[in-house]
Amino acid sequence: MIKEALARIPLQHMSIVGLILFILLFAGAVLWVNRKGSDKVYKHLEEMPLDLDSDATARGGVNE
Amino acid sequence: MNNQQSSGANTGSQNQVESFQYDDDIVRKFTLATLTWGLVAMLAGLYIALQLAYFKLGQNLPWLSFGRIRPLHTNAAIFAFAGNAIFAGIYYSTQRLLRTRLWSDAVSRFHFWGWQTIIVSAALTLPFGITQGKEYAELEWPIDILIAVVWVAFGLNLLQTIRIRREKHIYVAIWFYIATFITVAVLHIVNSLAIPVTFFKSYEIYAGVTDALVQWWYGHNAVAFFLTTPFLGLMYYFIPKAVNRPVYSYRLSVIHFWTLVFIYIWAGPHHLLNTALPDWAQTVGMVFSVMLWIPSWGGMINGILTLRGAWDKLRTDPPTKFLVAATTFYGMATFEGPLLAIKSVSALAHYTDWIIAHVHAGALGWNGLLSFGMIYYLVPRLWKTKPLNVSWMNIHFWTATVGILIYTISMWAAGITQGLMWMGMDSAGKLLYPDFVQTVIRIVPLYWVRAFGGLLYLSGFVLMLVNVYQAIQTASADYTNEVTDRYPRFKALTEKLFSPGFTHERLEAMPMVLAGLALVGILIGTAVEIVPFVTANSYSESIYQGAKVKHYTPLEQAGRDIYVREGCYLCHSQMIRKLDFDVVRYGPESKMEESMWDHPFQWGSKRIGPDLAREGGKFPNLWHYRHMNNPRDLTAQSIMPSYPWLLSDKTDFEVLSKKISVLKTLGVPYSDDDVSNAVALAHAQAKIIVDDLKANGATMVDEDREIVALIAYLQLLGKQIEAPQKVGAR
């Protein structure tokens with residue numbers, strides 16, 4: 001039953017289906033990252049690796 | 001299980017500041033393992049590069065033959081060198097980005113020692129021909145199980161560390177790590193499914209075209225999710241750290257992540273263009289490969305532009321130089337990859353050294369240089385050493401860069417030269433270079449050039465080892481004292497998540513949701529590509545109604561296992577593509593039915609020697625006997641190694657019944673009599689071959705010699721379909 005169903009899927013259209021899915025995902029991601037109020041979040045996030053308070057090792061020792 | 005050394009001062013009901021220590025000991029362990037295995041991987045690579053230039057190297061030593069050492073090189077480079085580098089970088093950055101110690105010291109150590117055990121097991125089995133015969137997935141089933149266990153331990157440690165974090169937000173590097181864990185787990189488990197015959201031998205559950213698709217779904221995405229996504233995570237952490245600038249665009253990094261994770265998984269079939277794989281799957285692979293340009297270059301540009309305002313670091317800071325050069329190589333390799341995935345380009349490049357150039361631009365340039373930059377950054381911090389020797393780092397940088405360029409340019413030249421020679425036909429449709437060896441000897445000088453490029457790269461790496469060793473000699477006496485940090489306790493996650501006003505911020509801070517979405521992203525492409533092939537055998541049979549596809553006799557199967565053991569697939573394809581110049585050279589295009597009983601498939605990915613799909617009957621038995629003993633006896637300019645041990649070593653007949661029984665379980669249409677009489681059937685067929693060999697002048701040949709089984713297998717190739725193909729049935 002499952003095999004028969006699979007055999008009837010028009011597989012030649014899969015590239016188009018995938019392309020449409022990708023465009024939707026891409027558009028969704030672009031909208032998502034530009035959502036209202038995201039500036040503050042991303043400002044905080046992009047600074048995370050640079051937060052020296054969290055990288056005591058960089059100064060070779062204890063950070064207290 | 002929590003290893004936090006928490007003691008804290010209360011600064012308020014919501015922000016209890018805690019002190020805790022980072023586990024840098026585990027990072028040091030993985031760093032040293034990276035350097036150790038990097039040397040092994042590069043030495044093995046140089047060795048096999050020299051073997052192609054000078055075939056006598058390692059001659060007559062089975063465990064040093066090209067077909068056995070090449071998998072050792074690839075496994076060492078991918079899983080030992082790059083793998084340990086990934087773990088070092090992930091464990092270092094994750095702790096700092098999440099402001100917490102790794103979840104469990106015990107699991108971290110299990111992860112480390114388990115991974116090293118896997119690597120040592122690979123090094124002890126591959127040279128002895130213990131292999132499953134699938135590229136980058138050669139390791140036998142007991143090691144596969146260990147890989148799965150250790151990988152799950154790594155994932156558990158990662159996810160649990162995320163759970164106990166003090167920082168609410170999850171930086172994008174961690175997203176890449178999560179995607180790495182999930183996808184590699186899925187890839188490894190699905191691709192490694194096999195039924196054991198003995199402790200050192202198993203058969204994959206997939207066969208033929210299904211096995212090919214699953215293997216390249218795995219192989220391509222091993223590159224994607226073992227050699228790309230974790231390194232992108234490291235790029236997003238270490239470049240900003242090295243240049244002390246935030247990433248150029250965090251928004252772009254988010255788009256980069258989701259598009260990359262979604263697209264990559266679909267692109268596997270580009271390894272099978274123009275083959276017997278159905279056209280729709282090839283087209284999907286090609287289209288999605290071309291689409292990969294978008295996220296790959298988005299990420300590359302994001303990494304490089306992080307240097308805005310700090311370009312002088314390229315001149316003054318060697319670790320930055322390595323990190324940025326690595327990102328540049330990432331851009332070049334990910335431009336070249338989609339280009340090679342276009343069908344017409346693939347027609348020229350596939351099976352040639354152009355692919356080898358592409359792979360090494362990624363491995364040496366992207367993975368290698370990024371690992372070096374990361375280690376140069378980490379060593380003074382992990383061991384509290386004096387600064388490393390800057391001049392030596394600069395020399396390393398230039399020897400590595402020039403070495404990569406020499407390597408890739410020579411292999412581009414070799415690949416395009418040989419590809420064009422294979423394609424060359426005159427106006428009458430005859431091949432311009434009908435003798436395959438003509439196309440080989442033309443590129444042998446380039447193999448020497450390639451080896452020189454590899455030697456340069458290795459020389460720079462040795463300088464790095466000395467530099468790091470000398471630096472560690474200056475390590476502070478208290479370097480093992482764990483680094484203490486302080487950070488406010490993160491309010492209970494569940495309290496945040498289920499409070500009113502659920503917002504996007506929280507979604508991006510939910511690791512399990514992120515992990516779930518990433519899993520869905522990869523499963524969509526997986527389902528589309530893999531599931532239809534579950535039915536492949538049934539519809540392939542319908543194409544040739546009335547035709548019968550022969551399965552292997554016990555002796556042929558024994559010979560096939562020897563073929564797999566010796567890694568013949570690493571130099572010989574068994575896939576005649578739907579291309580005129582392939583058909584004219586080798587015979588009718590390969591049909592998917594012809595390999596439908598092949599556990600595993602042996603289509604191959606490289607032609608250092610000619611395709612063997614229709615080798616059966618081309619030459620008499622004695623030709624194969626003499627050829628395996630010394631190829632130069634029949635083709636004076638051949639660079640193929642000699643296999644004299646096949647004439648003296650004995651085939652294990654006793655295990656044949658068990659092998660046939662397992663294959664029967666997997667769906668190969670053996671009868672019960674075939675299983676119970678496997679040994680007798682094998683002896684009977686061997687006697688026919690031996691009689692023929694003796695009648696034609698061979699001496700000292702017995703039925704139980706491995707050469708006899710191998711000849712039986714080779715003589716069947718291309719003769720699997722018994723009834724003529726029905727015209728117009730396709």
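Convention: sequence-line order gives letters A, B, ...; per-chain numbering from 1. For clarity, every value in this text was computed on a predicted model and none was experimentally measured.
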Minimum heavy-atom separation for B:H169 to A:M48, with atom names? O-CE, 3.6 Å
Identify the two heavy atoms, one from A:E46 and one from B:P246, that lie closest to each other, and give their separation to 0.1 Å. O-CB, 3.4 Å
I need the B:Y250 OH to A:H44 NE2 distance, nearest 0.5 Å. 9.5 Å
Counting only heavy atoms not in B:Y248, do more than 12 fall under 6.0 Å of its OH? no
Just verifying a value: how many Å separate B:I255 CD1 and A:N34 CG, rounded to the nearest 0.5 Å? 6.5 Å
Heavy-atom closest pair (B:F262 atom, A:G18 atom, distance to 0.1 Å) is CE2-O, 4.2 Å
Contacting moiety of B:I524, where chain A heavy atoms sit under 4.5 Å: side chain
Tabulate below the donor-acceptor pairs under 3.5 Å that side-chain atoms of residues 287-296 of chain B make, not counting sequence neighbours, or state none.
unit_1, atom_1, unit_2, atom_2, d
B:S289, OG, B:H270, ND1, 2.6
B:S289, OG, B:G285, O, 2.5
B:W293, NE1, B:F335, O, 3.1
B:S296, OG, B:L292, O, 2.8

Is any side-chain heavy atom of B:V172 closer than 4.5 Å to one of A:L45? no
Could you give the distance from CH2 (A:W32) to CH2 (B:W258), rounded to the nearest 0.5 Å? 9.5 Å
For A:I16, is the CD1 atom crowded, meaning more than 12 foreign heavy atoms sit under 6.0 Å from it? no
Considering only heavy atoms, which portion of A:L21 lies under 4.5 Å from any heavy atom of chain B: side chain, backbone, both, or neither? both
